[in-house]
Number of protein chains: 2
Amino acid sequence: MNIGEASERSGLPAKTIRYYEDIDLVAPDRAENGYRDYSLSDVHRLRFLHRARNLGFSIDECRLLLSLYTDRNRASADVKAMAEQRLTEIDAKIQALQSLKAALQPLVDCCHGDERPDCPILDDLAGFHAKRSQAQA
Amino acid sequence: MNIGEASERSGLPAKTIRYYEDIDLVAPDRAENGYRDYSLSDVHRLRFLHRARNLGFSIDECRLLLSLYTDRNRASADVKAMAEQRLTEIDAKIQALQSLKAALQPLVDCCHGDERPDCPILDDLAGFHAKRSQAQA
DNA sequence: GCTAATCCTTCCAGTCGCTGGAAGGTCAAG
DNA sequence: CTTGACCTTCCAGCGACTGGAAGGATTAGC
């Protein structure tokens, strides 16, 4: 099938599919007219990539996951370790975002948000802690 | 002062400070020897940028925040709106990460993680839902 | 058979926010 | 006078695409 259909079936944009070929994640045949010709197995691979990317695995991790997937002798422990590391990263990001929120929320809360120029958010960014700016900095 | 001291005082790497000059976020004087010469006000600006970036504002948002900061006539509502949008984005990212986690965690939990090749994580990526892969896909 | 629309190709450039490195000038200490 | 730290510019690369130009192939309709 042509790239357009492979794109529809895998859910990946054609541009992305060509890019994945560039970086050797997939290697479709070529038809006589030069068009890429995707097999069902190629599409399967693309869907695999689509899912794995959606789960936040990097391209290199996807590459590894694919090789583990096609290696009938690999241990599931290898895959589990990668997934666990992803979970750890996800938790760390959630933590970071929550402390970001904790820093930003009080600033928003105490900013009156009206026509007056006095703004605690800018004051904080400028480094005025626990005071209101009166004069120019 | 030279860039090294400005770097120390602002907490930003010298490379980043030069980059900020490139994109017109800061415009230090030049000494006779061609070295950049930062004033206290420049350092203040850099610290402002450092804080705002740490709160997750994009470079363009920082540019706007700086202009709002130096505009004595701006309304605090403008800044509050930006900060609130940041909070919304933060919440959305937290949500996304949490559903990511919810998708990945059960896969990790049900993967036995041993020497056997059978692996529910790969099965899921390959699109085998609610079964164990027995034959090749 | 002709034309227009759609699909495909390759290649190059841009995104974002830096970061690394090369090649070379300047300055302070010993 | 040399060494080393600091500074300069410029160019390239990161990750993972995405946009667009220029042109070839195919298909549908007239």
Side-chain angles (χ1 to χ4, degrees), chain A residues 1-39 42-43 45-66 82 85-86 89-90 93 96 100, chain B residues 1-39 42-43 45-66 85-86 89 93 96 100:
Chain A
M1 75 192 74
N2 285 347
I3 199 171
E5 194 180 341
S7 165
E8 262 182 47
R9 293 213 205 178
S10 66
L12 290 169
K15 274 270 182 190
T16 301
I17 296 177
R18 285 194 203 96
Y19 171 67
Y20 283 176
E21 183 178 348
D22 246 36
I23 61 174
D24 297 317
L25 280 178
V26 68
D29 285 345
R30 291 286 175 146
E32 292 199 347
N33 58 12
Y35 286 16
R36 289 170 180 81
D37 183 17
Y38 294 87
S39 67
D42 290 329
V43 170
R45 218 174 150 82
L46 291 171
R47 289 164 59 92
F48 185 105
L49 286 165
H50 191 29
R51 283 171 215 260
R53 292 288 299 130
N54 277 347
L55 285 177
F57 289 99
S58 73
I59 289 289
D60 271 354
E61 284 171 328
C62 288
R63 203 186 297 279
L64 185 50
L65 283 171
L66 271 174
M82 283 183 63
Q85 204 202 319
R86 272 296 299 143
E89 290 164 12
I90 289 168
K93 274 189 193 161
L100 205 55
Chain B
M1 75 194 71
N2 285 348
I3 199 169
E5 194 180 340
S7 165
E8 261 182 48
R9 292 214 203 177
S10 66
L12 290 168
K15 274 268 181 192
T16 301
I17 297 177
R18 285 192 203 98
Y19 171 68
Y20 284 175
E21 183 178 348
D22 247 34
I23 60 174
D24 297 316
L25 280 177
V26 68
D29 286 344
R30 292 285 174 147
E32 292 198 349
N33 57 12
Y35 286 17
R36 290 170 180 82
D37 183 17
Y38 294 86
S39 67
D42 289 329
V43 170
R45 216 175 152 81
L46 291 171
R47 288 164 61 94
F48 184 106
L49 286 166
H50 191 28
R51 283 173 216 258
R53 292 288 300 131
N54 276 349
L55 284 177
F57 289 97
S58 72
I59 289 289
D60 271 353
E61 284 170 329
C62 288
R63 202 186 299 279
L64 184 51
L65 284 171
L66 271 173
Q85 204 202 319
R86 271 297 299 145
E89 289 164 13
K93 273 189 194 161
L100 204 56

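Just so it is clear: chains get the letters A, B, ... in the order the sequence lines come, proteins before strands, and each one is counted from 1. Worth knowing before you read on, the calculation uses all heavy atoms, side chains too, and leaves out hydrogens, waters and symmetry mates.
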Checklist entry - Does any N or O in the side chain of A/R86 come within less than 3.5 Å of the main-chain N or O of A/I90, such that one atom is a donor and the other an acceptor? => result no
Please list, for nucleotides 10-12 of chain C, all pairs of protein and nucleotide N/O atoms separated by less than 3.5 Å.
from: C/dT10; atom 1: OP1; to: A/R30; atom 2: NH1; distance (Å): 3.2
from: C/dT10; atom 1: OP1; to: A/R30; atom 2: NH2; distance (Å): 3.2
from: C/dT10; atom 1: OP2; to: A/R36; atom 2: NH1; distance (Å): 3.0
from: C/dT10; atom 1: OP2; to: A/R36; atom 2: NH2; distance (Å): 2.6

Item to check | Partner set under side-chain hydrogen bond (donor to acceptor under 3.5 Å, both in side chains) for A/Q85, not counting sequence neighbours | outcome: A/E89
Checklist entry - What's the CG-P distance between A/N2 and C/dC7, to the nearest Å? => result 11 Å
Checklist entry - Where do B/L49 and B/C62 come nearest, in terms of heavy atoms and distance? => result CD2-CB, 3.7 Å
Checklist entry - Given axes from five pairs at either end, by how many degrees does the helix from C/dG1-D/dC30 to C/dG30-D/dC1 bend, rounded to 10°? => result 20°
Taking distance alone, no hydrogens or angles, what donor-acceptor pairs closer than 3.5 Å link side-chain atoms of residues 27-38 of chain A to residues at least two apart or in another chain?
from: A/R30; atom 1: NH1; to: A/G34; atom 2: O; distance (Å): 3.0
from: A/R30; atom 1: NH2; to: A/E21; atom 2: OE2; distance (Å): 3.4
from: A/N33; atom 1: OD1; to: A/Y35; atom 2: N; distance (Å): 2.9
from: A/R36; atom 1: NE; to: A/E21; atom 2: OE1; distance (Å): 2.5
from: A/D37; atom 1: OD1; to: A/M1; atom 2: N; distance (Å): 2.7

Next on the checklist: If we ignore hydrogens and angles and just use 3.5 Å, is the side chain of A/R45 paired with the main-chain N or O of A/V26 as donor and acceptor?
Outcome noted: no
Next on the checklist: Measure CD1/A/I17 against C1'/C/dT9 and give the value in whole Å, please.
Outcome noted: 15 Å
Next on the checklist: Once side chain to side chain contact (heavy atoms under 4.5 Å, CB included) is applied, do any residues pair with B/Y19, and if so which ones, sequence neighbours excluded?
Outcome noted: B/I23
Checklist entry - Whole-Å distance between D/dG24 P and A/I3 CD1? => result 20 Å
Checklist entry - B/E8: what forms a side-chain hydrogen bond (donor to acceptor under 3.5 Å, both in side chains) with it, not counting sequence neighbours? => result none
Checklist entry - A/A14 and A/S7: which non-hydrogen atoms are nearest, and at how many Å? => result N-OG, 3.7 Å
Next on the checklist: Test of understanding: with side-chain hydrogen bond (donor to acceptor under 3.5 Å, both in side chains), list the residues that count as partners of A/R18, not counting sequence neighbours.
Outcome noted: none
Checklist outcome for this item: In numerical order, the residues of residues 21-29 of chain B whose heavy atoms come under 4.0 Å of DNA chain D are none
Next on the checklist: Taking ring-ring contact (aromatic ring centres under 6.0 Å, His included) as the definition, give me every residue that meets it alongside A/F48, ordered by chain and number, with sequence neighbours left out.
Outcome noted: A/Y69
Set out, line by line, the N/O atom pairs under 3.5 Å between protein and nucleotides 15-17 of chain D.
from: D/dA16; atom 1: OP2; to: A/I59; atom 2: N; distance (Å): 3.4
from: D/dA16; atom 1: O3'; to: A/R53; atom 2: NH2; distance (Å): 3.4
from: D/dC17; atom 1: OP2; to: A/Y20; atom 2: OH; distance (Å): 2.7
from: D/dC17; atom 1: OP2; to: A/R53; atom 2: NE; distance (Å): 2.9

Next on the checklist: Would the distance check show the side chain of B/R9 and the main-chain N or O of B/V43 forming a donor-acceptor pair, the cut-off being under 3.5 Å?
Outcome noted: no
Checklist entry - Any sub-3.5 Å donor-acceptor pair from B/R47's side-chain atoms to B/R51's backbone N or O? => result no
Checklist entry - Going by heavy atoms in the side chains, are B/H50 and B/N54 under 4.5 Å from each other? => result yes
Protein-nucleotides 27-30 of chain C N/O pairs under 3.5 Å:
from: C/dC27; atom 1: OP1; to: B/N33; atom 2: ND2; distance (Å): 3.2

Next on the checklist: Once side chain to side chain contact (heavy atoms under 4.5 Å, CB included) is applied, do any residues pair with B/D60, and if so which ones, sequence neighbours excluded?
Outcome noted: B/S58, B/R63
Checklist entry - Tell me: CD of B/E5 to C1' of D/dA5, nearest whole Å? => result 15 Å
Next on the checklist: To check you understand the geometry: which heavy-atom pair defines the closest contact between A/M82 and A/L65, and what is its length?
Outcome noted: CE-CG, 3.9 Å
